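Structure record follows, encoded as structure tokens.
Proteins come first, then strands; the chains are lettered A, B, ... in the order of their sequence lines, and each starts at number 1. Quick caveat: nothing in here was measured; it's all calculated off a predicted structure. Note: hydrogens, waters and symmetry copies are ignored here, and every other heavy atom, side chains too, is used.
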Amino acid sequence: MASETEHQSFFESVYQVVRLIPYGRVTSYGAIAAFLGSKRSSRMVGWAMNASHSSIENIPAHRVVNRNGMLTGKFHFGEPGLMAQLLENEGIITENDRIVNFREVFWDPNKELELNL
DNA sequence: GGTGTGACCAGCT
DNA sequence: AAGCTGGCCACAC
């Protein structure tokens, strides 16, 4: 057995979900964590994003915000304001580093996505 | 291999 | 009501 072992690290799982976020939509760290099974592991999701720079794939980390809809990780994009700019570029309205219509653009993987692992 | 950390969340004071 | 602390779990040194 053993085979290749899909050692899919927690990070990889997070990347997949983040990659599945539709254009013009956002989600929260807790939502992704809950989708992965550990609602309280939301911190790991954020940390995974920190390592997203190591991923060769483009991770739309700007579509991931906290449950308040605030752009908490904007400082990690190299330049502050870049995250908000990317979001507005997708039609998402942000104000004061916070998504105005967060409720409207919120994309819950638990609801939209099905357990197809 | 123990310790620390981290872009959170929720509960307690 | 608002601020803070704890918890949680995976990764880096």
Side-chain angles (χ1 to χ4, degrees):
Chain A
M1 18 225 311
S3 38
E4 270 143 83
T5 9
E6 298 145 275
H7 243 172
Q8 221 167 7
S9 293
F10 201 84
F11 284 34
E12 288 291 329
S13 301
V14 174
Y15 298 153
Q16 284 197 10
V17 179
V18 174
R19 243 180 280 159
L20 291 173
I21 302 176
Y23 181 89
R25 296 276 187 172
V26 295
T27 188
S28 64
Y29 303 97
I32 298 175
F35 179 74
L36 296 179
S38 296
K39 177 188 173 186
R40 304 194 167 175
S41 304
S42 41
R43 296 166 103 195
M44 312 298 77
V45 179
W47 201 345
M49 301 269 88
N50 192 11
S52 65
H53 294 277
S54 284
S55 183
I56 51 179
E57 300 286 341
N58 282 3
I59 311 296
H62 62 276
R63 293 182 189 156
V64 185
V65 296
N66 66 352
R67 92 172 216 54
N68 288 329
M70 202 183 309
L71 282 56
T72 51
K74 68 171 184 175
F75 293 106
H76 289 257
F77 280 79
E79 246 183 75
L82 177 62
M83 186 177 183
Q85 190 173 355
L86 289 171
L87 290 172
E88 291 188 359
N89 194 21
E90 297 189 358
I92 300 175
I93 303 187
T94 59
E95 184 178 325
N96 225 356
D97 299 330
R98 189 187 142 165
I99 300 175
V100 179
N101 51 345
F102 178 60
R103 291 287 300 268
E104 299 178 8
V105 296
F106 181 71
W107 179 79
D108 192 350
N110 300 282
K111 292 175 67 179
E112 306 294 337
L113 220 61
E114 292 192 9
L115 297 170
N116 233 1
L117 300 179

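The OH atom of A:Tyr15 sits 10 Å away from the C1' atom of C:dC11 (whole-angstrom rounding). Rounded to an integer number of Å, the gap from A:Ile21 CD1 to B:dA7 P is 18 Å. One interatomic measurement links the two molecules: CZ of A:Phe10 to P of C:dC8, which rounds to 14 Å at whole-angstrom precision. In this structure, CZ of A:Arg40 is placed 7 Å from C1' of C:dG7, rounded to the nearest angstrom. Across the protein-nucleic acid pair, A:Arg98 atom CZ and B:dC8 atom C1' stand 16 Å apart, rounded to whole Å. Distance CD (A:Glu79) to P (B:dA7): 19 Å, rounded to an integer number of Å. Straight-line distance from the CE atom of A:Met49 to the P atom of B:dA7: 13 Å, rounded to whole Å. A straight line from CZ of A:Phe35 to C1' of B:dC9 spans 20 Å, rounded to a whole angstrom.
Residue A:Leu87 belongs to a hydrophobic cluster whose other members are A:Val26, A:Val65, A:Leu71, A:Phe77, A:Leu82, A:Met83, A:Leu86, A:Ile92, A:Ile99, A:Phe102, A:Val105, A:Phe106, with links defined by side-chain heavy atoms closer than 4.5 Å.
Comparing A:Ala51 and A:Ser42 by the nucleotide of DNA chain C that holds the closest heavy atom to each, the one mapping nearer the 5' end is A:Ser42. Projected onto DNA chain B by closest heavy-atom contact, A:Arg67 and A:His76 fall at different nucleotides, the more 5' of which corresponds to A:His76.
The side chain of A:Trp47 sits closest to C:dC11 out of C:dC11, B:dA7, B:dC8. In the set B:dA7, B:dC8, C:dC11, the nucleotide with an atom closest to the side chain of A:Asn50 is B:dA7. Distance from the side chain of A:Phe77 is smallest to B:dA7 among C:dC8, B:dA7, B:dC9.
A:Phe75 contributes atom CZ, which lies 6.5 Å from atom CG of A:Asp97 (distance to the nearest 0.5 angstrom). Note that CE of A:Met49 and OG1 of A:Thr72 are 11.5 Å apart. Values are rounded to the nearest 0.5 Å.
The same ILVMFWY cluster, assembled from side-chain heavy atoms under 4.5 Å apart, contains both A:Phe10 and A:Ile21. Under the 4.5 Å side-chain heavy-atom criterion for ILVMFWY residues, a single connected hydrophobic cluster contains both A:Ile59 and A:Trp107. The hydrophobic cluster containing A:Leu36 also contains A:Leu20, counting ILVMFWY residues as joined when their side-chain heavy atoms lie under 4.5 angstrom apart, directly or transitively.
One donor-acceptor pair, N or O on each side, does fall under 3.5 Å between the base of B:dC8 and the side chain of A:Arg43.
Nucleic acid contact class of A:Asn66 (heavy atoms, under 4.0 Å, all strands): sugar-phosphate only. Residue A:Phe11 is classed as a sugar-phosphate contact, given heavy-atom separations below 4.0 Å to backbone atoms only.
Looking at residues 57-65 of chain A, you'll see A:Ala61 sit with a heavy atom under 4.0 Å from some atom of DNA chain B.
The number of heavy-atom neighbours closer than 6.0 Å to CD of A:Gln85, taken from other residues, nucleotides and ligands shown, is 12 or below.
The shortest distance between the side-chain N/O atoms of A:Ser41 and the OP1/OP2 oxygens of B:dC8 is not below 4.0 Å.
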